[in-house]
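Both backbone and side-chain heavy atoms feed into the values below; hydrogens, waters and symmetry mates do not.
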Amino acid sequence: MILIRKALPDERDKIKRILFECDIKASNSDITNSAKDAMIVELDDLIVGYGSLDIYSDIAILKLVCVLPKYQNQGLGDGLVRALINYADRRNVKKMYIVHREKVEYFKRFGFKYVTLEELDNRIHKIHNYGESKSTFIMELDINEFFNKQQCHF
């Protein structure tokens, strides 16, 4: 059985294992700080995926989404992203952002669109330090649009 639910603070070691197996570096404090707005995917009582948000009033940054390699390409990541969007919506988030060093086309399927630094909500500039990097790619999702399109079906 597949279950997507809020991550619990005592699951930090299991989350660290997933991140390690997905070759994602994160410190204990990163996991602890993100645990408040994080979700996991369980498959038959085994945690196989993890995702987290940073929520700032009515905007959020999608920090991380990963599924163990053995369980990828089974729709678990899609379910996790949709659950995180729903979670953000229930907390009155209006816009969700992804900030990445490379283009990540995967998130277009949910309605994320690339935006320029000039198009960003000014609050994101204060939250995230972009520096002078020209290699930062930013995607934005209007959560109301997400729920008003067919792609929101679970």
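- Taking all atoms of both residues into account, the shortest heavy-atom contact from C66 to L80 is O-CD2, 4.2 Å.
- A 4.5 Å side-chain heavy-atom check between K108 and M139 finds at least one atom pair inside the cut-off.
- With contacts defined as side-chain heavy-atom distances shorter than 4.5 Å, the pair Y50/V41 does not qualify.
- For the ring pair (Phe, Tyr, Trp, His ring centres under 6.0 Å) with F112, the qualifying choice from F137, F107, F146 is F107, the only one to do so.
- There is a side-chain donor-acceptor pair under 3.5 Å between D78 and Y106.
- For I4 against A83, the heavy-atom pair with the smallest separation is CG2-CB, 3.5 Å.
- In the hydrophobic clustering of ILVMFWY residues, with side-chain heavy atoms under 4.5 Å counting as a link, L3 and I15 come out apart.
- Here the shortest heavy-atom pairing between V104 and Y114 reads N-OH, 2.9 Å.
- Formation of a donor-acceptor pair under 3.5 Å by the K6 side chain with backbone atoms of K36 is found in this model.
- Side-chain heavy atoms closer than 4.5 Å link hydrophobic residues (I, L, V, M, F, W, Y) into clusters, and following such links, even through other members, never connects I18 to F20.
- If you chain together hydrophobic residues whose side chains sit under 4.5 Å apart, I2 and I47 fall into the same group.
- Using modelled atom types, one side-chain atom of E11 and one backbone atom of L8 make a donor-acceptor pair closer than 3.5 Å.
- For the pair K95 and E145, the minimum side-chain heavy-atom distance is 4.5 Å or more.
- Looking at R17 and L68, their side chains come closer than 4.5 Å, going by heavy atoms from C-beta outward.
- One finds the CE atom of M96 at 11.5 Å from the CD1 atom of I59 (value rounded to the nearest 0.5 Å).
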Verify salt bridge (charged side-chain N to carboxylate O under 4.0 Å, His left out) between D58 and K94, making sure each step is shown before the conclusion.
CA-CA 5 Å; D58 65 344; K94 303 298 178 210; over 6 Å; no

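- Here the closest heavy-atom approach between residue L84 and residue V65 is recorded as CD1-CG2, 4.0 Å.
- Within 6.0 Å of atom CG in D10, more than 12 heavy atoms from other residues, nucleotides or ligands are found, so the atom counts as buried in its surroundings.
- At least one donor-acceptor pair closer than 3.5 Å links the side chain of D44 to the backbone N or O of M1.
- Within the 4.5 Å cutoff, side-chain heavy atoms of Y87 are placed close to those of M39.
- What you find for I55 and A60 is that their closest heavy atoms are CG1-CB, 4.0 Å.
- Rounded to the nearest 0.5 Å, atoms CD1 (I143) and CZ (R90) are 11.0 Å apart.
- L141 pairs in a side chain to side chain contact (heavy atoms under 4.5 Å, CB included) with only one of the listed residues (I85, V93, I98), which is I85.
- Formation of a donor-acceptor pair under 3.5 Å by the Q72 side chain with backbone atoms of V67 is found in this model.
- Here the CG-NE2 distance, from L62 to H100, works out to 10.0 Å after rounding to the nearest 0.5 Å.
- Atom CZ of R91 sits about 9.0 Å away from atom CG of L53, to the nearest 0.5 Å.
- A 4.5 Å side-chain heavy-atom check between D23 and K25 finds at least one atom pair inside the cut-off.
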